[in-house]
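Read the numbers this way: they start at 1 and go in the same order the structure lists the ligands and their atoms. Position 1 is the first residue of the sequence; numbering continues from there. Worth knowing before you read on, the calculation uses all heavy atoms, side chains too, and leaves out hydrogens, waters and symmetry mates.
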Amino acid sequence: MDTLTLEVTGMTCGGCENAVKRALGRLDGVGDVSASHIERQVVAHYDTAKVTAAQIREKVAACGFVVVD
Ligand SMILES: [Cu+2]
């Protein structure tokens, strides 16, 4: 498992955190995910053989949040 740490803006509460965690959890190859709107951070553990960092970033964006480069 690799670890992807993203700076994410737009999350404002625990509901946003849960939305990200649920969405990423549905991606095959994604393991534990933590999200914090206070730290503006999403950390995802993932299997590089099954899913790419780009796919994870796209999924966060699809939730309506902004991944900061
Ligand atoms: Cu929220």
Item to check | Steps toward side-chain contact (heavy atoms from CB on, under 4.5 Å) verdict (Val8, Val20) | outcome: CA-CA 10 Å; Val8 176; Val20 169; 5.7 Å; no

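For CD of Gln41, the number of neighbouring non-hydrogen atoms (other residues, nucleotides, ligands) closer than 6.0 Å is greater than 12.
At least one side-chain heavy atom of Val42 sits under 4.5 Å from a side-chain heavy atom of Val33.
Around the Cu ion (ligand 1), the protein atoms of type N, O or S found under 2.8 Å away are Cys13 SG, Cys16 SG, listed by chain and number.
For the residue pair His45 / Thr3, a side-chain donor-acceptor distance below 3.5 Å is found, with atom types taken as modelled.
Between the CD1 atom in Ile56 and the CD atom in Glu58 there is a gap of 10.5 Å [rounded to 0.5 Å].
When every heavy atom of Leu6 is checked against every heavy atom of Arg57, the shortest pair comes out as CD2-NH1, 3.5 Å.
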